[in-house]
Amino acid sequence: MPLKHAARRQILWVGLLIAGSAQAQLIGQLQGTAHLSSYAGQTVSGITGIVTAVDGSGFWLQDTGDGNSLSSDAIYVFRSSASKPLVGDAVSVAGRVLEFRPGNTATNLTTTEISATASGANAGTWTRLSSGNALPAAQVIGAGYLPPRAISAGAGNVEAAGYTLDPSRYSMDFYESLEGMRVALPSAVSVAPRNGFGELAIVSSVATSGANQSSRGPVVIAADNFNGQRILIDDRITATPLVNAGAQLSNVTGVLDYSFGNYKLYLTEAATVVSNNLQREVAAPIAAGRLGIASYNVENLAGNADPARFAAIASQIATNLAAPQIISLQEIQDNNGATNNGVVAADVTLDALAGALNAQTGRSYKWVTVNPAPGNPDGGQPGGNIRQAFLYDSARVSFSDVVGGAMEAITASAGVDGQIVLSLGAGRIDPANAAFDNSRKPLVAEFTVDGQQLIVISNHFNSKGGDQPLYGPAQPPLQASAEQRLQQAAVVGSFVAGLLAIDPEANIVVTGDFNDFQFAGALAPLAAAGLVNLTDTLAANDRYSYIFDGNGQSLDHLFVSPHLAGNAELAYDIVHANSEFLDQVSDHDPLLLSMTLAPVPEPQSLALMLAGLLGVSLIARRRRG
C-alpha cells in the first residue's frame, strides 16, 4: 500500500477515536477515498453541514469539504418516518455509518449513509443549528470537469480492500467521489426519452464533443466504449422533463445518488427545456422492382390489444418502412395476451395486424407463423406465448402454405437441380435443442420472389435479463445470459452453413431481435457460417435499435448470405421511429433492407433449343456456299 494511503487510514482511525468523544468530523472523512467507508458500522456524532435536499426517508447533508477531490463532501442521513429538517438548515447529526445496498442485491454498489432512525440499533438524532442558510455551491459538470468515458478499469471487485478511487480515469469513481453532493449541468442533451420510472439519461453538452453520438441525440456503444459520460436524472424529489432523445436542457441541478445499477442525479429544481423537436425517421420509397424486407419487434402485441395499437404499428410499416413486401415480426403474442388459459393460437393477433396494414396500403398481406407448444416453453410474458411470424405481400411474394408444428424441425436437402429443398414451407430450427429452452425457436420460411427462392429466418434470442449492471461492484460486469445466446447462434449458424453447402449462391436473410450487440462474441457463429451483418455497414453512431439506461445499442440485426451481400444492390437502415421517443409504438426500432433480386432466366424448351441450333446450322451452310 502506498504511504499516502496508509497515512490516510491512520488519520481516519484517529478521527474515529475522537468521534467517540463527540468530536465533530468532516463528511469527507466518513466517505473516504474508496467505494466503502472505513467507518461502516461505527457510531459518530457532531457531523455538521447544510441540508441540501429532503425526501420521504431522510435528507442530504453537505459541508465545506476536506480539500480531497477523491472524497465526497456530502452524505445521506436516513431517518425513515422520523422528523426531518428543512432545506437550508445547518444541522448536527449523530448516528451509525452504514453502507446501504439498494435492492439488497450484490450486483448493486452501496451508498454511504448515516442511519439516524428514531429508535433501534441504528438510532440517532439531528439538531438544528440555524435556518435559511445558502446552499453549498453545486459542483459543475461541464468544460474542464467531465466524467471519463471509461466506466472502470475492469479489473475485479471495486469494493475490495485497497481499491482507491480514480475519478480522472473512470466514470464510476468520478460519480462516487460526488456521492450525495449538489451537482449541476448548465447545458445538457437528453440521450434517450424519459422512461416510465421518471428517469432521463443526459450528457453534458460539452461531453458530446468527439463522442460516438448520433446527430439525433443518443450516444451509441462500441466494443470499447459504454459511454461513461451519461448520467440519469431522476424524479425522486422534483419532476423530470417529459422529453424525447435529442432535447436540449439547461440548469440541471440536483443531488447525486445511486440506485438499481446507476448513478442518478435527483433533481432539486425544475430543469429548463430549451428544445424538444426530434422527428421520427421515414424511409424513402422502395423503388419499383426492388424487394423490401423489414424486421420489427412489436413488443408483446396480443390479439386483445387496443385496435389503435394495431393501426399504429401498421402505420409505421406502411409509412416509416415504406411498405416492404416481407416483414419479420418478433413478440407476437397469442389471441388473449397475458391471460394464461391454455390459448396459444395467434390468428386473431395476426389477422388484426394484417388487416390494419392492408387497409392502409391497399395490398393483400398474408401471414405465417408456428404456434408454440402450450405451457409457455418459449419464455416471455407468462401466458403470452410470444413467437416470431412473417407478413408478406401475396401479390409479389409466394408461400407454399405448408407449416410445421411447434416441435417439428425443418430440414434441408439438395434437389436434383442443386437447389435447396426444405421439408416445410415454414418451420422451426431444431426446436428440441436445449439452446432454446425457455426461449423462442428460430422460424424459417421459404418464399418465392420473382421466380427465385428466398429463405428468411426470424430469430428472438434469449434476453439479457439477469446480467450484471455496468455500474456494479464486479468489473467487468458478468453477462451470464450470453452463453445461451452463443449456443443459439451456433445452432442457427450450423443450419445456415448446411444451406450454403447445398447452394453457395442461396438467397438467405437471417434477422430478428438477437438481444446482443453486433460486436458480441455470442453472435460470432453467424459470421462463421458466412453471413454478413448489415449493422456493420452503418455509420458507427447509427448502430442502435434500442436504448437502455441511455446507451444506444443494436440488439436487432439483419444478416445476408454471401450471394446477396455481393450481388443484390443492398440498401439498409435502422429506422429510428420508436426508441428515441416518449410515445413509443414499440421499444425497438425496426430494420429495413431493400434489394434487387434479379429473376432467374427461364430455361428454353427443347423445341426452341433445337430450332436455335438448326438456325445456326443453316446460316453456316449459306456462308459456306
- prompt: Is the side chain of N320 donor-acceptor paired with the backbone N or O of V282 at a distance under 3.5 Å, no angle test?
  reply: no

message: Between D55 (side chain only) and I237 (backbone N and O only), is there a donor and an acceptor less than 3.5 Å apart?
response: no

- line: Interatomic distance, CD@E176 vs CD@E179, rounded to 0.5 Å, equals 4.5 Å

- prompt: Could you state the interatomic distance from CG (L70) to OG (S177), rounded to the nearest 0.5 Å?
  reply: 7.0 Å

- line: By side chain to side chain contact (heavy atoms under 4.5 Å, CB included), L135 pairs with (sequence neighbours left out) I50, V87, R182

message: Whether the side chain of R96 engages the backbone of G41 through a donor-acceptor N/O pair (distance < 3.5 Å, no angle test) should be reported.
response: yes

query: Would you find more than 12 non-hydrogen atoms of other residues, nucleotides or ligands less than 6.0 Å from D583 atom CG?
result: yes

message: Check whether Q42 reaches the backbone of Y39 with its side chain - one donor and one acceptor, N or O, closer than 3.5 Å.
response: no

task: Using side chain to side chain contact (heavy atoms under 4.5 Å, CB included) as the criterion, list what pairs up with S81, not counting sequence neighbours.
output: none

field: Nearest atoms (heavy-atom pairs only) where P147 meets Q229
entry: CG-CA, 3.7 Å

statement: Closest non-hydrogen contact found for I202 with S190 is CG2-CA, 4.0 Å

Sequence neighbours excluded - ring-ring contact (aromatic ring centres under 6.0 Å, His included) pairs with any residue from residues 172-191: Y145-F174, Y175-Y263

query: Does the N578 side chain pair with the main chain of D587, one donor and one acceptor, at a distance under 3.5 Å?
result: no

- prompt: Using a distance-only test with no angle check, is there a side-chain donor-acceptor pair under 3.5 angstrom linking N225 and R149?
  reply: no

field: Under 3.5 Å side-chain donor-acceptor pair for Q488 and S439
entry: yes

query: Taking only residues two or more places apart in sequence or in another chain, which ones pass salt bridge (charged side-chain N to carboxylate O under 4.0 Å, His left out) with D556?
result: none

query: At their closest point, which heavy atom of V575 faces which heavy atom of D589, and how far apart are they?
result: O-CB, 3.4 Å

- request: Ignoring hydrogens and angles, tell me if any N or O in the side chain of E580 forms a donor-acceptor pair with the backbone of A577 under 3.5 Å.
  value: no

field: Side-chain donor or acceptor of Q553 paired with backbone N/O of N551 under 3.5 Å
entry: yes

- request: Could you verify whether a donor N or O on one side chain and an acceptor N or O on the other, from Q248 and S187, lie under 3.5 Å apart?
  value: no

task: Write down the atom of T117, the atom of S80, and the distance for their closest heavy-atom approach.
output: CG2-CB, 4.4 Å

task: Kindly state each residue pair satisfying side-chain hydrogen bond (donor to acceptor under 3.5 Å, both in side chains) with at least one member in residues 267-277, sequence neighbours excluded.
output: none

query: Got a donor-acceptor contact below 3.5 angstrom from the S205 side chain to the A188 backbone?
result: yes

task: Return yes if some donor-acceptor pair links the side-chain N/O of Q62 with the main-chain N/O of M181 below 3.5 Å, else return no.
output: no

- prompt: Can you check whether S37's main-chain N or O pairs, donor with acceptor, with E99's side chain at less than 3.5 Å?
  reply: yes

message: Would L200 and L249 count as a side chain to side chain contact (heavy atoms under 4.5 Å, CB included) here? Give the steps.
response: CA-CA 11 Å; L200 177 65; L249 308 175; 3.9 Å; yes

query: What do the steps show when you test T240 against E199 for side chain to side chain contact (heavy atoms under 4.5 Å, CB included), and what is the final call?
result: CA-CA 7 Å; T240 47; E199 300 164 342; over 6 Å; no

message: Which heavy atom of G550 sits nearest to which heavy atom of A201, and what is that distance?
response: CA-CB, 3.4 Å

field: Residue from L61, I27, T43, V93 passing side chain to side chain contact (heavy atoms under 4.5 Å, CB included) with I114
entry: V93

- request: Would you please name every residue forming a salt bridge (charged side-chain N to carboxylate O under 4.0 Å, His left out) with K84, sequence neighbours left out?
  value: none

- prompt: Could you go step by step and tell me if N459 and F559 meet the side chain to side chain contact (heavy atoms under 4.5 Å, CB included) rule?
  reply: CA-CA 11 Å; N459 300 272; F559 296 79; over 6 Å; no

field: Candidate list H576, H588, H557, test ring-ring contact (aromatic ring centres under 6.0 Å, His included), partner Y544, passing option
entry: H576

- prompt: Applying the side chain to side chain contact (heavy atoms under 4.5 Å, CB included) test to L265, which of D234, V252, L232, I141 qualifies?
  reply: V252

For E299, salt bridge (charged side-chain N to carboxylate O under 4.0 Å, His left out) partners two or more places apart: none

message: Salt bridge or not between D513 and R440? Use side-chain N to carboxylate O under 4.0 Å.
response: no

task: State which residues pass ring pair (Phe, Tyr, Trp, His ring centres under 6.0 Å) with F581; sequence neighbours excluded, sorted by chain then number.
output: none

message: Just by distance, no angles: are the side chains of Q31 and D66 close enough, under 3.5 Å, to form a donor-acceptor pair?
response: no

message: Assess the residue pair S259 and Y266 against the criterion (side chain to side chain contact (heavy atoms under 4.5 Å, CB included)); give the C-alpha distance rounded to whole Å, side-chain angles, the decisive distance to 0.1 Å, and a yes or no.
response: CA-CA 11 Å; S259 64; Y266 298 150; 3.7 Å; yes

- request: Report the residues that fulfil salt bridge (charged side-chain N to carboxylate O under 4.0 Å, His left out) with D536, sequence neighbours left out, ordered by chain and then residue number.
  value: none

Using distance only, find each side-chain donor-acceptor pair of residues 514-528 under 3.5 Å and give its atom names and separation, not counting sequence neighbours.
{"from": "N515", "atom 1": "ND2", "to": "F461", "atom 2": "O", "distance (Å)": "2.9"}
{"from": "D516", "atom 1": "OD2", "to": "R485", "atom 2": "NE", "distance (Å)": "2.9"}
{"from": "D516", "atom 1": "OD2", "to": "R485", "atom 2": "NH2", "distance (Å)": "3.1"}

- request: Enter the distance from T107:OG1 to Y471:OH here, rounded to the nearest 0.5 Å.
  value: 15.5 Å

- request: Determine which pairs satisfy ring-ring contact (aromatic ring centres under 6.0 Å, His included) with at least one residue from residues 63-101, sequence neighbours left out, and list them in order.
  value: W60-Y76

- request: Check Q213 against G217 and note the closest heavy-atom contact, atom names and distance.
  value: NE2-O, 2.6 Å

query: Taking only residues at least two apart or on different chains, which pairs with a member in residues 153-170 satisfy salt bridge (Lys or Arg N to Asp or Glu O under 4.0 Å)?
result: R101-E159, D166-R169

